[in-house]
Amino acid sequence: MNNSLIIALDFADKEEVFSFLQKFNGEQLFVKVGMELFYKEGPSIIQRLKEQNHQIFLDLKLHDIPNTVKSAMKNMAGLGVDLVNVHAAGGINMMVGALEGLEAGTASGQIRPRCIAVTQLTSTSEAQMQNEQLIKVPLMDSVLHYASITKQAGLDGVVCSTLEAASIRKQLGSSFLTVTPGIRLETDNVQDQVRVATPQTARNNGVSAIVVGRSITRSANPYESYVRFKNEWEGVAK
Ligand code: C5P
């Protein structure tokens, strides 16, 4: 998991996914399947990606009562994915339920999927958080608090922005995973992301894994873009 580059497969259907993956000449990747794709294609898309030996982050961001999340996670572990997530706002009991479900659904001899929590979505501004969620503290404090209860619940880490990763790592230790989207090269279009950073900044901030979507998936040459991101992320001299 550490030092991974996760490609966000934000495509409409499986045809688009597999025509994109054909450009990688059989290279084993770490890919992220989100709600759009999973709700269209269902568990069969996971099966097909596993047949191609890719590692999988199933990004469904669960947030419900503990018993429901526990049962859902049992089914998700049964799919054999590597990483799943919840919203930390669901609370410690819900996160503990998620872990219990994952453990119950993991076949014997297999590794339990890692489980991370979303703190504050990167699309949420401080004003929005304070006015709509009535959380009257700075955004960073809320992120750190959610990260801290995530660790207390026994989860493996959080989804956060690169800018928050260094503080989380300092407070909660380097084995607590920080997975960060919003990654762009210096020359890239930022699109709708607000708090973006380069792979090199992510590396300098001690991020565990980066998630890259459109800069690779919408590139004229996806494989070449992937290699550029990977080299900068791994600190390989160009
Ligand atoms: O295209 P881009 O690189 O911005 O894609 C980032 C991916 O990470 C998308 O799949 C998006 O849904 C996801 N994500 C995010 N911010 C979060 C959580 C997930 O951008 N806080």
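Ligands are counted one by one from 1 in listed order, and the atoms in each one are counted from 1 as well. Just so it is clear, the model here is predicted, and its values are computed rather than measured. Atom set for the values below is all heavy atoms of this structure, side chains included, hydrogens, waters and symmetry mates excluded.
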> Applying a strict 4.0 Å limit to heavy atoms, is Arg218 in contact with ligand 1?
Replying inline: no

>> Quick check on Glu186: does its CD atom have over 12 non-hydrogen neighbours (other residues, nucleotides or ligands) under 6.0 Å away?
In response: no

> Against heavy atoms of Arg214, which atoms of ligand 1 measure under 4.0 Å?
Replying inline: 1 (O), 2 (P), 3 (O), 4 (O)

> Under 3.5 Å between some N or O of ligand 1 and some N or O of Ser215?
Replying inline: no

> Taking atom 11 (C) of ligand 1 as the point of reference, which of Met35, Gln120, Lys32 owns the nearest heavy atom?
Replying inline: Lys32

>> So for atom NZ, which belongs to Lys61, do other residues, nucleotides or ligands contribute more than 12 heavy atoms lying within a distance under 6.0 Å?
In response: yes

>> With respect to Lys61, determine whether any N or O atom, backbone or side chain, lies less than 3.5 Å from an N or O atom of ligand 1.
In response: no

> Within 45° of the six-membered ring axis of Phe18 and under 6.0 Å from that ring's centre, is NZ or CZ of Arg48 located there?
Replying inline: yes

> Below 4.0 angstrom, N of the basic side chain to O of the carboxylate: do Glu234 and Lys230 qualify?
Replying inline: yes

> Could you give the distance from CD (Glu232) to CZ (Arg203), rounded to the nearest 0.5 Å?
Replying inline: 7.5 Å

> For ligand 1, which atoms, with element, lie under 4.0 Å from some heavy atom of Thr122?
Replying inline: 16 (N), 17 (C), 21 (N)

> Can you find an N or O of Asp59 that's nearer than 3.5 Å to an N or O of ligand 1?
Replying inline: no

> Which ligand 1 atoms are under 4.0 Å away from a heavy-atom of Pro181?
Replying inline: 8 (O), 14 (N), 15 (C), 16 (N), 17 (C), 18 (C), 19 (C), 20 (O)

>> Ring-plane angle category for Phe24 and Tyr223, please: parallel below 30°, perpendicular beyond 60°, tilted otherwise.
In response: perpendicular

>> Is the contact between Asp10 and ligand 1 made by the side chain, the backbone, both, or neither, using heavy atoms and a 4.0 Å cut-off?
In response: side chain

> Would one find an N or O of Val211, backbone or side chain, under 3.5 Å from an N or O of ligand 1?
Replying inline: no

> Can a salt bridge be assigned to the pair Asp156 and Lys151 using a cut-off of 4.0 Å between side-chain N and carboxylate O?
Replying inline: no

